[in-house]
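Keep in mind it's a predicted model, so treat the numbers as computed, not measured. So that the names make sense, note that chain A is the first sequence line, chain B the second, and so on, each numbered from 1.
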There are 2 protein chains.
Amino acid sequence: MLTIGKLGQKTGTRVQTIRYYEEIGLMPEAERTEGGQRRYSDADFDRLSFIRHARQLGFPLEAIRELLSLSDHPDQSCHEADAIARRQLKQVEQRIARLNALKTELHRMIEECSGGHAADCRVLEVLRDHSECLTRHDDIGA
Amino acid sequence: MLTIGKLGQKTGTRVQTIRYYEEIGLMPEAERTEGGQRRYSDADFDRLSFIRHARQLGFPLEAIRELLSLSDHPDQSCHEADAIARRQLKQVEQRIARLNALKTELHRMIEECSGGHAADCRVLEVLRDHSECLTRHDDIGA
DNA sequence: GGTAGTTGCTACAGCCACTGTAGCTTCAAG
DNA sequence: CTTGAAGCTACAGTGGCTGTAGCAACTACC
């Protein structure tokens, strides 16, 4: 049985984050000592590891909730898990594309900056006048 | 003089967002009609355009605050604006690198998924066992 | 057995950059 | 003069945590 601190160390999770996962029902309510402190089993460790790994891959908590429920029911179809992962991949690819466009624009801005006074600063000028941009980058880059 | 709605339309900004920018001091307090409604000048339009453009390039609001103040003082050095833009570029590049690693991992996970039952699902299995990953992706992908 | 220091507990505020809602007032067109 | 759109304030909610305050419990050492 692990304390919340040990569990946090073993999984690379902050103590508050573990409590937060319990609060939102992603982790089950932990067993408690007589004094009221949480104690964690190996199954809890596995579940938290799963969650953290999915987070590292960028899955939002709601997707992780679904993945966990799929993982809890091994007889169900794999199809759903696959779909969730594909959705995640798509989002990652979209973000990469957006960021690449931003990168190009920022690069151009900086390249052209002569380092003189703010009045002639290319960086500021480009920001002032959108028409100087090559790409549209309509939506906000995240 | 523009209403807040017209200004929003012209700059692609929601009305609430404009009010929010005023609240946090990014936009100046707008002039008001007798009835208390905000009215905006061309200078306000320029300033909001600048802000939105910088947001589209991913600059955080605090960086934009700095850029605006540099833009307001054309005699100051361009160096600061340049540094802010370089910082932003670096962050974008880092995010791209991270996302590329995630993309690889997700792709591999999905490729290997046979489409059978959840018990043998590669997606779930990889999430369960971090050691199956090629990359480390220690920090959470954003 | 005592005590000091670490870890744990709850409850709540704060982060970023908005977005949405409720309940009202003002404005512009017909 | 009415109607409906657009404006107003104030506040709650989003995601995924993080930080703080003020306690209680556990553990290591003497």
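A salt bridge does not link K90(A) to E93(A): none of the charged nitrogens lies less than 4.0 Å from a carboxylate oxygen. Remark: E125(A) does not engage R128(A) in a salt bridge, criterion side-chain N to carboxylate O under 4.0 Å. For the pair R19(B) and E22(B), the salt-bridge criterion is not met [side-chain N within less than 4.0 Å of a carboxylate O].
Among the heavy atoms of the strands lying under 4.0 Å from R19(A) is at least one base atom, whether or not backbone atoms are also near.
For K6(B) and dA28(C), the NZ to C1' distance is 11 Å, given to the nearest whole Å. Separating the CD atom of E23(B) from the P atom of dC8(D) is a distance of 13 Å, rounded to the nearest angstrom. Going from atom CD1 of I51(B) over to atom C1' of dC18(C) covers 14 Å, rounded to whole Å. To the nearest angstrom, P of dC26(D) lies 15 Å from CE of M1(A). For the pair I18(B) CD1 and dG7(D) C1', the computed distance is 12 Å after rounding to whole Å. Taking atom CG on L2(B) and atom C1' on dA6(D), their separation rounds to 14 Å, with Å as the unit. Atom CG of L7(B) and atom P of dG7(D) are 10 Å apart (whole Å). Nucleotide dC15(C) holds its C1' atom 14 Å from the CD atom of Q16(A), rounded to whole Å.
Put simply, the side chain of R39(B) reaches to within 4.5 Å of the side chain of Q37(B), judged on heavy atoms.
Partners of Q91(B) under the side-chain contact (heavy atoms from CB on, under 4.5 Å) rule, at least two apart in sequence or in another chain, do not exist in this structure.
Regarding contacts with the backbone of dC27(C), every side-chain N or O of T3(B) stays at 4.0 angstrom or more from both OP1 and OP2. Under 4.0 angstrom from either OP1 or OP2 of dA17(C) there lies no side-chain N or O belonging to Y21(B). Distances shown here put every side-chain N or O of T17(B) at or beyond 4.0 Å from the OP1 or OP2 atom of dA17(C).
Here dG8(C) is the nucleotide among dG8(C), dC18(C), dC17(D) with the atom lying nearest to any side-chain atom of I4(A). Nearest nucleotide to the Y20(A) side chain, out of dC8(D), dC18(C), dC17(D): dC17(D). When distances run from any side-chain atom of L61(B) to the nucleotides dC18(C), dC17(D), dT20(D), the shortest one goes to dC18(C).
Nearer to the 5' terminus of DNA chain D, by closest-nucleotide assignment, is the contact made by E62(A) (compared with the other of E62(A) and R14(A)).
For the contact set between residues 30-43 of chain B and DNA chain D, defined by any heavy atom under 4.0 Å, the members are R32(B), G36(B), Q37(B), R38(B).
If you check the side chains of Y40(A) and R47(A), you find no donor sitting under 3.5 Å from an acceptor.
For D72(B), the CG atom counts as densely surrounded, since its 6.0 Å shell holds more than 12 non-hydrogen atoms of other residues, nucleotides or ligands.
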